Amino acid sequence: MADEEYFRGISKIPYVAGAGAGNVLGFKYYNAQEVLLGKTMEDWLSFSVCYWHTFRGTGADPFGFPTLCRPWDDGKDSMETAKRRMHAAFEFFTKLGVKYYTFHDRDVAPEGSTLEESNRNLVEITDLALQLQKKTGIRVLWVTCNLFAHPRYMNGAATNPDSHVLAYAGAQVKKGLEIAKKLGAENFVFWGGREGYLTLHNTDVAAELRHMANFFKMAVAYKEKIGLKCQFLIEPKPKEPCRHQYDYDAMSVIGFLKHFGLDSHFKLNIEPNHTTLAGHSYEHDIVVASAFGMLGSVDSNTGSPDLGWDTDQFPMDIKNTTMVMKSIVEQGGLQPGGLNFDAKVRRESTDLEDLFIAHIGAMDAFARGLRNAVKIIEEGVIAQMVKERYLSFSTGIGQKVEEGTATLEELEEFTMRNGEPKITSGKQEKYESIINHYL
Ligand SMILES: [Mn+2]
């Protein structure tokens with residue numbers, strides 16, 4: 001099992017700058033050790049492969065059965081299968097050349113019939129993971145607990161109306177934090193899949209939000225108690241599976257964290273497919289989270305906004321990746337976060353090599369985005385235009401507003417003296433043309 005090769009015929013993916021269009025098993029833009037603005041591409045991008053889609057994805061959807069057959073899967077949710085899958089995963093990470101992976105507790109080890117059995121399975125599998133991490137140098141970008149798939153969580157985990165369910169979720173998170181420490185995870189993510197409501201008629205919103213905040217406070221306390229050094233992240237999503245989810249978008253989560261005094265303990269893991277589901281543009285939550293110093297990591301994927309579901313597609317749009325990388329480079333990088341491919345091949349993409357083609361294409365899309373962003377920032381044309389747009393806040397009455405020392409009386413006096421402000425063009429098309437110049 002340990003020496004079995006699952007991805008036969010594919011070796012370490014090379015950098016092949018200038019290769020032809022048909023070469024999709026090499027990087028044309030991602031050159032891991034190339035330095036841009038003082039950092040290697042590998043460090044700027046910190047790519048991570050997710051376990052759930054790439055190694056557990058079956059192609060099943062609400063309308064159809066599984067379509068994907070994987071050589072490590074025998075259809076059994078056994079420990080043997082879990083170990084085979086772990087070896088396949090590390091072969092994939094190594095050949096692809098990524099330094100990180102992410103997983104839910106229940107992706108890597110089967111859930112037992114009791115919590116004790118689930119914990120034993122998780123400990124045994126993560127012993128193997130630790131061994132493979134040491135052998136390959138590959139690390140955990142983040143761990144998370146699956147608090148949404150099991151029927152017990154159908155009415156929520158931390159926001160469940162039954163405290164017994166909340167207790168179960170807390171016990172699961174306790175073990176998840178211990179596993180994060182054991183594997184040296186750099187982050188721990190909370191995604192509130194069922195933390196929300198299907199109908200307000202049966203829901204005490206204030207109580208649920210208070211319980212969720214108290215649940216997070218317990219997690220912070222246990223993290224500190226066991227000396228776990230990792231960044232806590234919350235991943236916003238507005239809906240699906242719930243009709244409404246409390247972690248609606250970046251601004252909602254930031255407001256929640258600040259209201260309950262949790263903002264110094266958490267940052268955000270932004271997934272653009274969730275952002276577009278919230279009715280925002282692709283990069284909106286990246287920009288908002290970064291503006292508050294709260295952008296911790298990115299689940300790099302995309303959706304089909306015309307479809308309106310969370311389709312978790314591989315990010316292939318160069319304009320999107322450029323705008324995301326512009327925010328990341330402007331804030332000096334994501335560390336300890338990274339770009340995690342929370343993305344799945346389409347259920348019609350049934351070849352094993354499609355897993356490689358998808359990841360390589362998305363890594364190259366982000367590498368191009370990074371190169372474009374660096375040019376935009378180095379040339380500074382956009383930054384200078386934005387600076388000039390706000391110039392009136394650097395002197396006089398604008399400066400007093402900026403510093404928070406102005407009064408309404410002073411604004412009135414200024415206006416009486418200066419009359420009507422002049423009309424200023426927003427220049428949207430000029431900005432759009434300049435961005436296109438860099439793509
Ligand atoms: Mn995600």
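FYI, side chains are in, hydrogens and waters are out, and symmetry mates aren't considered; it's all heavy atoms of this structure. Computed from a prediction, not measured in an experiment: that's the story for all the values here. Along the sequence shown, residues are numbered consecutively beginning with 1. Counting starts at 1 for both ligands and their atoms, in listed order.
- Note on Asp342: its N/O/S atom closest to the Mn ion (ligand 1) is OD2.
- A salt bridge links Glu330 with Lys326; the closest basic N to acidic carboxylate O contact falls under 4.0 Å.
- With the Mn ion (ligand 1) as the vertex, OE1 (Glu271) and OD2 (Asp299) define an angle of 110°, rounded to 10°.
- The aromatic rings of His104 and Phe148 sit perpendicular to each other, their planes meeting at more than 60°, with 30° as the lower class boundary.
- For Phe103 and Trp142, the gap between ring centers reaches or exceeds 6.0 Å.
- The atom of Glu235 nearest to the Mn ion (ligand 1) is OE2, with the search restricted to N, O or S atoms.
- In this structure, the ring of Phe92 has its center less than 6.0 angstrom from the ring center of Phe55.
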